[in-house]
Amino acid sequence: MDKTEQYREVTRRLHALLAGERDEIAVLATVVAELYHAFETFDWVGFYRVTAPGLLKVGPYQGGHGCLTIPFERGVCGRCARERATQRVADVTVLPYHIACSSTTRSEIVVPVLDSTGAVRAVLDIDSDQPAAFDEVDQVQLEALARELAELYRAPAPGAEAGAPPAR
Ligand code: SME
């Protein structure tokens, strides 16, 4: 099975498992479990949620200990949240702002989860102990998954006032 077919199978399973489910933690935990167990090269999969303006807190994850808090100014996750754009890192060891939760991490992809206003609500962080483990297929498929998660975030973002611009 090639990578695209693997993602199709994960998406099929998630649609069946999560039909009608709207609880954020239940949905995020199930997404993490399915991704983590579907791809051998994924050795850490998790979400960091925006819990206050400019602040990410760890959410459901699988793999070794993940750091609990990441301000938007720090790390690959913080850059993803700041820029509201996917970060695909072929070699984290040459990235001065990479936060190493594990010494074995070699490559990483972080995808933003945006709500319908364009505000960032979470980021999906996946690490691999293989260099350059993530390619365009991963990015396209994970961004499509992130778009489906926008449904979870109908309430305003933490700290958002009516008419406030999306978190940057
Ligand atoms: N590497 C991330 C931190 C999260 S740990 O990898 C789980 C970063 O640089 O933001």
Side-chain angles (χ1 to χ4, degrees), residues 3 6-7 10 14 23-115 118-150 152-153 157-160 166-168:
K3 196 183 277 192
Q6 282 180 279
Y7 275 109
V10 167
L14 287 172
D23 177 81
E24 179 193 17
I25 300 303
V27 170
L28 298 186
T30 304
V31 169
V32 165
E34 289 300 318
L35 286 172
Y36 182 80
H37 292 289
F39 296 93
E40 277 183 14
T41 52
F42 294 7
D43 65 1
W44 195 95
V45 181
F47 285 92
Y48 281 87
R49 297 157 301 123
V50 178
T51 57
L55 190 68
L56 293 166
K57 282 281 186 189
V58 73
Y61 68 91
Q62 300 230 0
H65 165 77
C67 50
L68 301 183
T69 303
I70 302 177
F72 280 28
E73 299 76 24
R74 293 196 59 225
V76 181
C77 292
R79 181 168 179 174
C80 174
R82 269 197 324 275
E83 298 181 359
R84 292 179 293 144
T86 296
Q87 307 295 312
R88 191 153 44 104
V89 184
D91 179 0
V92 299
T93 65
V94 299
L95 207 60
Y97 57 85
H98 172 252
I99 301 170
C101 292
S102 163
S103 61
T104 61
T105 301
R106 288 294 169 270
S107 58
E108 181 170 22
I109 187 168
V110 188
V111 176
V113 178
L114 309 179
D115 67 17
V120 60
R121 305 302 293 267
V123 299
L124 171 57
D125 179 19
I126 304 177
D127 294 341
S128 177
D129 59 1
Q130 303 298 310
F134 305 103
D135 60 17
E136 187 65 22
V137 171
D138 294 289
Q139 181 164 340
V140 166
Q141 296 291 334
L142 292 169
E143 287 175 347
L145 182 59
R147 282 193 296 272
E148 290 197 49
L149 296 175
L152 287 173
Y153 301 103
R168 295 193 180 286

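Counting starts at 1 for both ligands and their atoms, in listed order. All residue numbers in this chain count up from 1 along the given sequence. These numbers were taken from a predicted model, which means no experiment stands behind them.
Looking only at distances, a side-chain donor or acceptor of Q6 sits under 3.5 Å from a matching main-chain atom of A38. In this structure, S107 contributes its side chain and Q130 its backbone to a donor-acceptor pair below 3.5 Å. The main-chain N or O of D129 is never found under 3.5 Å from a side-chain atom of T104 such that the two would form a donor-acceptor pair.
Atoms of ligand 1 lying under 4.0 Å from at least one heavy atom of D125, given by number and element, are 2 (C), 4 (C), 5 (S), 6 (O), 7 (C). With ligand atoms numbered from 1 in the order given, ligand 1 contributes 1 (N), 9 (O) to contacts under 4.0 Å with heavy atoms of H98. Near C77, meaning under 4.0 Å from one of its heavy atoms, ligand 1 places the atoms 2 (C), 8 (C), 10 (O). Within ligand 1, counting atoms from 1 as listed, the ones closer than 4.0 Å to a heavy atom of W44 are 7 (C).
Checking only distances, I99 does come within under 3.5 Å of ligand 1, N or O to N or O. By the 3.5 Å distance cut-off applied to N or O atoms, G78 is not counted among the residues near ligand 1.
Here I70 has side-chain heavy atoms under 4.0 Å from ligand 1, and that is the only part of it that gets that close.
One distance of note links CD of E143 with CG of D138; it measures 10.5 Å at 0.5 Å rounding.
Between L56 and A81, the shortest heavy-atom contact is CD1-CB, 4.1 Å.
Taking a 4.0 Å cut-off on heavy atoms, Y48 registers as neighbouring ligand 1.
The nearest heavy-atom contact from the protein to atom 6 (O) of ligand 1 is D127 OD2, 2.9 Å. Among all non-hydrogen protein atoms, the one lying nearest atom 8 (C) of ligand 1 is V76 N, 3.3 Å. Looking only at protein heavy atoms, the nearest one to atom 2 (C) of ligand 1 is E108 OE2, 3.2 Å. For atom 5 (S) of ligand 1, the nearest non-hydrogen atom of the protein is C101 SG, 2.6 Å.
Proximity of the aromatic rings of F72 and Y48 is defined here by a centroid distance below 6.0 angstrom, and this criterion is not met. Taking the six-membered ring for Trp and the full ring otherwise, the centers of Y36 and Y61 sit at least 6.0 Å from each other.
By the 4.0 Å N-to-carboxylate-O rule, E136 lies close enough to R88 to be salt-bridged with it.
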